[in-house]
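Just so you know, these numbers come straight off a predicted model, no measurement behind them.
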Amino acid sequence: MEEKNWIRGPIIGRGSTATVSLAITNSGEFFAVKSAEFSSSEFLQREQKILSNLSSPYIVQYIGSGLTIENDKSMYNILMEYVSGGSIHDLIKHSGGNLPEPAIRSYTRQILKGLTYLHDRGIVHCDVKSQNVMIGGEIAKIGDLGCAKTVEENVNLEFSGTPAFMSPEVARGEEQSFPADVWALGCTVIEMATGLSPWPELNDVVAAIYKIGFTGESPEIPECLSEKGKDFLKNCLRKDPKQRWVVEELLQHPFLDEEDDEEESQIHDCLNSSSPSTVLDQGFWDSCETSKSRLIQEDQEDPFANSSIFLPSDRIMKLAGDEPEWVTTEDGGWIEVREIEKRNEEEDEDANYVEATG
């Protein structure tokens, strides 16, 4: 961004450790700023390291990062592309509670292209869902990599994500790798087809983690989908992660054939809830920056010492924490932000120091 001065606008999203604000340059260019107090910005800084190395039309674009001093607090910020079309989650709510199959096919194809880009670079998103896929023109862009990790980091980092979209192996605390993103994609297709959570009968973390991880059940495949759509979902939702299709295979599935879009009159009507946004809007199903659990390193005398699986009750208790809700707000006014020349030599050389005024 060429201009040194920019203006922070109202908050448009909020999580447990970060907020997202609308911002504008002096020349009128809009962008989004994801911010957290520097003292609690560990996850945001890790997200920045991942985002700064990415460039794909199917990933929300990274612009830059830096520090601001606002209200006597040091804030860490990631500057990102502002995608004005909103999320697929928003689109579902504004489309009567579900999307037609051609739209589902198109968005799914583009999400897979974004996941292919990430997976080819050894990155697991860890929180794929409709709220984290933005619509920019005709393109679906994967956003919010706050839970993302590289496969090299996977051994040491905590598990993360949203309970309703966790795969069985993640719910059990075994592993969180590329197959977990594929499972979450399948759950997102269910969202688009029905306007409901993949587990609409559940409304708390404990019940969800137990059912997903320890009962052997899978989300119900919507009857409204075509046979090709149902088969696509079956390959996304295979319980064994080793049997789950990888993103490259899914991109070749007949369900995603562009020329296979059916006439509108031939598309089955998906189930429409009288209040389709109710389940999707619950904080329990929203972005879960705090829904993390580090695997317990059992004592070598423990009979489970060589296993990555621990008792279901332990796993459930680890994940049954507060789930923050991302909301659209009207909080805050417009605050002018400007760079200052002073630099702290102990900080990263690439960090921009700016001061909020006004």
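Within the model, atoms CG of Asn71 and OG of Ser74 stand 12.5 Å from one another, a figure rounded to the nearest 0.5 Å. Note: Leu202 CG to Tyr210 OH = 12.5 Å, rounded to the nearest 0.5 Å. To the nearest 0.5 angstrom, Glu70 atom CD is 10.5 Å from Glu37 atom CD. Atom OG1 in Thr25 sits 10.5 Å away from atom CG in Leu79 (nearest 0.5 Å). Glu249 CD to Leu112 CG: the interatomic distance, rounded to the nearest 0.5 Å, is 11.5 Å. In this structure, CD1 on Ile12 lies 10.0 Å from OG1 on Thr19, to the nearest 0.5 angstrom.
Side-chain contact between Arg244 and Ser167 is present, with at least one heavy-atom pair separated by less than 4.5 Å. You'll find the side chain of Ile88 reaches within 4.5 Å of the side chain of Ile111, heavy atoms only. Put simply, the side chain of Tyr107 reaches to within 4.5 Å of the side chain of Ile135, judged on heavy atoms. Looking at heavy atoms from C-beta onward, Phe38 lies in side-chain contact with Leu67 at the 4.5 angstrom threshold. For the pair Met192/Ile104, a side-chain contact is recorded, criterion being any heavy-atom separation below 4.5 Å from C-beta on. Considering only heavy atoms from C-beta on, Val182 stays 4.5 Å or farther from Asn235 through its side chain. Side-chain contact between Ser35 and Tyr76 is absent, with no heavy atoms from C-beta onward closer than 4.5 Å. By the 4.5 Å heavy-atom criterion applied to side chains, His119 and Phe178 are counted as neighbours.
Residues Met75 and Phe43 do not share a hydrophobic cluster, clusters being chains of Ile/Leu/Val/Met/Phe/Trp/Tyr side chains in contact below 4.5 Å. Linking Ile, Leu, Val, Met, Phe, Trp and Tyr residues whenever their side-chain heavy atoms come within less than 4.5 Å leaves Leu251 and Val246 in two separate clusters. Neither Tyr58 nor Val247 shares a network with the other; the hydrophobic side chains, linked directly or stepwise wherever heavy atoms of I, L, V, M, F, W or Y lie under 4.5 Å apart, form separate groups for each. Ile59 and Ile139 are assigned to two separate hydrophobic clusters, defined by single-linkage of ILVMFWY side chains at heavy-atom distances under 4.5 Å.
Salt-bridge formation is detected for the pair Lys34/Asp144: a Lys NZ or Arg NE/NH1/NH2 atom is positioned less than 4.0 Å from an Asp or Glu carboxylate oxygen. Using a cut-off of 4.0 Å between Lys/Arg side-chain N and Asp/Glu carboxylate O, Glu42 and Arg46 are scored as not salt-bridged. A salt bridge does not link Glu169 to Lys239: none of the charged side-chain nitrogens sits closer than 4.0 Å to a carboxylate oxygen.
Here the side chain of Arg105 pairs a donor or acceptor atom with the backbone of Phe255 at under 3.5 angstrom. Between the Tyr117 side chain and the Ser55 main chain, a donor and an acceptor come within less than 3.5 Å of each other. A donor-acceptor contact shorter than 3.5 Å is absent between the side chain of Asn98 and the backbone of Gly195. Listed for the Gln110 side chain is a donor-acceptor partner under 3.5 Å among the backbone atoms of Ala140. Between the side chain of Thr194 and the main chain of Ile190, a donor-acceptor pair closer than 3.5 Å is present. Side-chain N or O atoms of Ser87 include one that pairs as donor or acceptor with a backbone N or O of Asp90 at under 3.5 Å. Trp199 places no side-chain N or O within donor-acceptor distance of the main-chain N or O of Ala208, the cut-off being under 3.5 Å. With hydrogens and angles disregarded, no donor-acceptor distance shorter than 3.5 Å links the side chain of Asp127 to the backbone of Ser160. Not one N or O on the side chain of Ser177 forms a donor-acceptor pair closer than 3.5 Å with the backbone of Pro179. At least one donor-acceptor pair under 3.5 Å links the side chain of Glu191 to the backbone N or O of Ser130.
Under 3.5 Å, the side chains of Glu29 and Ser27 contain no donor-acceptor pair of N or O atoms. In summary, the side chains of Lys129 and Thr162 do present a donor paired with an acceptor at a separation below 3.5 Å, with no hydrogens or angles considered.
Ala207 and Asp204 make their closest contact through N-OD1, 2.8 Å (heavy atoms, listed as atom of the first residue, atom of the second, distance). When every heavy atom of Ala193 is checked against every heavy atom of Cys224, the shortest pair comes out as O-SG, 3.8 Å. When all heavy atoms are compared, the tightest approach of Pro163 to Ile209 is CB-CD1, 4.2 Å. Nearest heavy atom pair, residue Ala171 against residue Ile212, reads CB-CG2, 4.0 Å. Heavy atoms only, all atoms of each residue included: Arg238 and Trp245 are closest at NH2-NE1, 3.6 Å. Contact detail for Ala148 and Ile123: the closest heavy-atom pair is CB-CG2, 4.2 Å.
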* Asked: Is there a side-chain hydrogen bond (donor to acceptor under 3.5 Å, both in side chains) between Gln176 and Lys149 once you walk through the steps?
  -> CA-CA 9 Å; Gln176 187 168 28; Lys149 62 192 71 173; 3.1 Å; yes
* Given His125 and Ile142, is the side-chain contact (heavy atoms from CB on, under 4.5 Å) satisfied, shown in steps? -> CA-CA 9 Å; His125 187 279; Ile142 298 175; 3.4 Å; yes
* **side-chain contact (heavy atoms from CB on, under 4.5 Å) assessment of Asn132 paired with Val128** => CA-CA 6 Å; Asn132 290 341; Val128 175; over 6 Å; no
* To do: Take Arg8 and Asn77 through the test side-chain hydrogen bond (donor to acceptor under 3.5 Å, both in side chains) and record every step on the way to the result.
  => CA-CA 11 Å; Arg8 183 193 297 276; Asn77 309 290; 3.1 Å; yes
* Go through Tyr62 and Gln48 one step at a time and tell me if the side-chain hydrogen bond (donor to acceptor under 3.5 Å, both in side chains) criterion holds. => CA-CA 8 Å; Tyr62 169 83; Gln48 185 274 336; 2.8 Å; yes
* Does the pair Thr108 and Leu250 meet the rule for a side-chain contact (heavy atoms from CB on, under 4.5 Å), with working shown? -> CA-CA 10 Å; Thr108 300; Leu250 289 169; over 6 Å; no
* Which is it for Gln45 and Lys49 under the side-chain contact (heavy atoms from CB on, under 4.5 Å) test, yes or no, and what are the steps along the way? -> CA-CA 6 Å; Gln45 291 188 53; Lys49 289 180 180 178; 5.5 Å; no
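Within a 6.0 Å sphere centred on NZ of Lys234, heavy atoms belonging to other residues, nucleotides or ligands number 12 at most. Other residues, nucleotides and ligands contribute over 12 non-hydrogen atoms within 6.0 Å of the CD atom of Glu81.
The salt bridge (charged side-chain N to carboxylate O under 4.0 Å, His left out) search around Glu217 returns Lys211, not counting sequence neighbours. Remark: Tyr82 pairs with no residue by the side-chain hydrogen bond (donor to acceptor under 3.5 Å, both in side chains) rule, at least two apart or across chains. The salt bridge (charged side-chain N to carboxylate O under 4.0 Å, His left out) check on Glu138 picks up nothing, with sequence neighbours excluded.
Residues Phe31 and Trp6 bring their aromatic ring centres within 6.0 Å.
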